[in-house]
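Quick note on labels: first sequence line is chain A, next is B, and so on, each numbered from 1.
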Amino acid sequence: MSPARQWWLNGRMKIRVRFAPSPTGYLHIGGGRTALFNWLYARHTGGTFILRIEDTDAARNSQAAVDVILDGLRWLGLDWDEGPLTGDATGPSKGDRGPYFQSQRKENYQRRVEALLSRGLAYEHEGAIKFRMPREPVLIPDLVVGDVLRKLTDREEMDPDFVLVRSDGQPVFHFVNVVDDLEMGITHVIRGEDHLSNTSKHIALFKAFGVEPPKYAHIPLILNADGSKMSKRDRGASLSTYTDEGFLSEAVNNYLCLLGWSPKDNIEKMALADVVGRFDLPQILRHNAKFDFEKLVWLQGEYCRELAPDRFYELGVHALAKAGLDTNALPVAYVKSALDTCRGKIKTFAELPAYAGFYFRDAIAYDPEAAKKGFVPENKPRLEKVRDAFSQLAAFDAASLEGSLKAVAAELGVKVGVLIHPTRLACTGNPHGPSLYHLLEVLGKEKVLQRVEQALPLLG
RNA sequence: GACCCUAUGGUCUAGCGGUUAGGACACCUCCCUUUCACGGAGGUAGCCCGGGUUCGAUUCCCGGUAGGGUCGCCA
């Protein structure tokens, strides 16, 4: 092909990227970021984002395991233009370059193996089929890392050839991955840096098939806080950690964008739509990043604070239910106003049961530390005064409660805080929480008086 | 063992042949405040080491060290 023709094609050819996970039963957070970067690149360039399921190992794959991936990507909001619609390998899909499950593509692999065999580029050895790998170093042009000259390792010096098809007839990853990328017209391979060394194999295969390899972009890995590799068992390694703990996909996406990619100005908080406009391969960092859970929580807090009341309510109820606090029997208005007092206060919904459980439980568990300080004899007459003042109140709203409490404080000649702390403790059991006046209003006169009454004996 | 990648505060990062090395998270102090959170004002803390190139290296080159990855009939 002439350079001019190549140039023309490059200018026209629609970018096609793919995320090709193996269904292992969970979606690794690093895999999620790989999917995100591929998706961002496709959306940024107006290209096509493809989802392909690498389920060659039939024994350990199941539809449920595929669903974990599909659900994870959907939760993140990473929609694919081509790929499966369900976890069923033989089920419906969209796109005209399928099937999108490797288990359904066996003929392709067979045909490709035969092509290599017939041209002497592969050979049979002990029942397996091996590829004749070039003995020379392979140049790997990488859009992130730059040109990498991959030399042979000492073991490869002895035998650089590698298996394409196992003796049981099962083709191996390096082979199927390349065949699929080739046949699906993948133009850019954006994947973890753990694949960089093996890319020489892939490039050699593409060349054996007589085609130009796709462009490669190897992105840095996500490490644990201690710098070790983040693997399945590590905390936060699975995307389900975040879906289960009530994180917002906006926060997780935003945080993931910031790991290994930088907008190059000092902006940290960005909506995904904004990142689409700015994302490009050259800004991807070359070094690995440690996962900082605290920073994710900060972003989560940022997004949580600006959540629409309805969504906050929905997620809040869900988190409470998970903690065994069933709000179904309660009036919706009560639950809504209770949760409203928590907006802007919590960062993750996992905090909610501890933070606002007192609204939904009759038995109050007093914080031991706070009780030691607040439930003391000298507070008893004060709390009694508060009780008496509250019981006189005709309107039990935040403004009236505030006025009432301040009046009592003035009468007793103490700062209002002196009354606030024991009152809060009596009604919620916690030293911290939502605005006291507002939480009392939500709780209602009856419950408040009852709880104060109940706490009084504990003060001496 | 060999090969590959990487190296700015504790963490994520910006940056540069000459900067008081910038921002964010976390941490500390103070202010605001009914607690907490938010917000505001400050603060502690960083260019891995050694050579070279240069008038001058955090920045460029080489070496070392450290971390990560890969060398499978795993993906």
Side-chain angles (χ1 to χ4, degrees), chain A residues 20-24 54-57 60-61 102 125-130 137 140 142 144-146 148-160 162-174 176-177 192-201 218 220-223 225-229 255 258-269 285-299 301-302 304-305 342-347 351 355 370 401-402 405-406 409 415-421 423-425 428 430-440:
Chain A
S22 177
T24 55
E54 305 221 331
D55 60 339
T56 51
D57 190 351
R60 83 175 185 208
N61 295 311
Q102 287 185 333
H125 180 71
E126 291 186 11
I129 295 170
K130 295 183 78 174
I140 304 168
D142 190 282
V144 171
V145 185
V148 175
L149 189 64
R150 169 62 157 82
K151 301 192 198 79
L152 301 191
T153 67
D154 51 1
R155 295 184 60 170
E156 289 165 338
E157 290 283 5
M158 299 172 70
D159 178 18
F162 63 93
V163 171
L164 297 177
V165 183
R166 299 196 286 246
S167 48
D168 66 1
Q170 194 68 240
V172 305
F173 164 77
H174 297 301
V176 296
N177 190 265
E193 199 215 68
D194 49 342
H195 289 290
L196 181 56
S197 287
N198 281 326
T199 303
S200 53
K201 294 188 177 84
H218 286 93
L221 269 22
I222 298 178
L223 271 26
D226 67 1
S228 60
K229 186 183 182 179
Y255 180 67
L258 260 22
L259 279 188
W261 175 80
S262 169
K264 301 290 182 190
D265 51 27
N266 285 327
I267 296 174
E268 307 270 338
K269 188 175 169 230
L285 281 301
R286 291 168 199 80
H287 55 270
N288 297 341
K290 291 174 189 165
F291 196 91
D292 183 1
F293 198 78
E294 293 301 316
K295 189 150 183 177
L296 202 211
V297 169
W298 166 71
L299 271 169
E302 294 289 307
C304 194
R305 194 173 309 120
C342 305
R343 287 187 67 220
K345 300 289 208 162
I346 57 165
K347 287 185 177 171
E351 298 168 43
Y355 190 81
L401 286 157
E402 179 169 2
L405 208 70
K406 282 184 172 164
K415 282 187 175 176
V416 70
V418 171
L419 303 180
I420 278 171
H421 298 300
T423 306
R424 173 187 296 282
L425 190 58
T428 73
N430 297 326
H432 318 302
S435 158
L436 179 70
Y437 308 126
H438 293 89
L439 78 83
L440 292 177

Would you tabulate the pairs of protein nitrogen or oxygen atoms and nucleotide nitrogen or oxygen atoms of nucleotides 60-62 of chain B closer than 3.5 angstrom?
none

Task: Set of side-chain contact (heavy atoms from CB on, under 4.5 Å) partners for A:H174, sequence neighbours left out - done: A:F162, A:N198, A:K201, A:H202

Task: Sequence-distant partners of A:D168, side chain to side chain donor-acceptor pair (under 3.5 Å), two or more places apart - done: none

TODO: Would you please name every residue forming a side chain to side chain donor-acceptor pair (under 3.5 Å) with A:D194, sequence neighbours left out?
DONE: none

TODO: Quick one, give me the B/S/- string for nucleotides 32-46 of chain B, reading 5' to 3', where B means a protein heavy atom under 4.0 Å from the base and S means that only happens at the primed atoms, P, OP1 or OP2.
DONE: --BBBSS--------

Close N or O pairs between protein and nucleotides 8-12 of chain B (under 3.5 Å):
residue : atom : partner : partner atom : Å
B:U11   : OP1  : A:K290  : NZ           : 3.3
B:C12   : OP1  : A:K290  : N            : 2.9
B:C12   : O2'  : A:L258  : O            : 3.1
B:C12   : O2   : A:K295  : NZ           : 3.4

- [ ] Using side-chain contact (heavy atoms from CB on, under 4.5 Å) as the criterion, list what pairs up with A:D154, not counting sequence neighbours.
- [x] none

TODO: Apply side chain to side chain donor-acceptor pair (under 3.5 Å) to A:K151 and list each qualifying residue two or more places apart in sequence or on a separate chain.
DONE: none

- [ ] Quick one: label A:E126 by what it contacts on the DNA or RNA (base, sugar-phosphate, nothing), any heavy atom closer than 4.0 Å.
- [x] base

Open item on the list: Please enumerate all residues that pass ring-ring contact (aromatic ring centres under 6.0 Å, His included) together with A:F291, with sequence neighbours excluded.
Closed with: A:Y255

Task: Rounded C1' spacing from B:G67 to B:G52 in Å - done: 26 Å

Open item on the list: Holding to side-chain contact (heavy atoms from CB on, under 4.5 Å), I want the full list of residues that pass it with A:I420, two or more places apart in sequence or in another chain.
Closed with: A:L405, A:V416, A:L436, A:Y437

Task: Set of residues satisfying side-chain contact (heavy atoms from CB on, under 4.5 Å) with respect to A:S262, sequence neighbours excluded - done: A:K264, A:L285

- [ ] With sequence neighbours excluded, tell me which residues meet side chain to side chain donor-acceptor pair (under 3.5 Å) with A:E193.
- [x] none

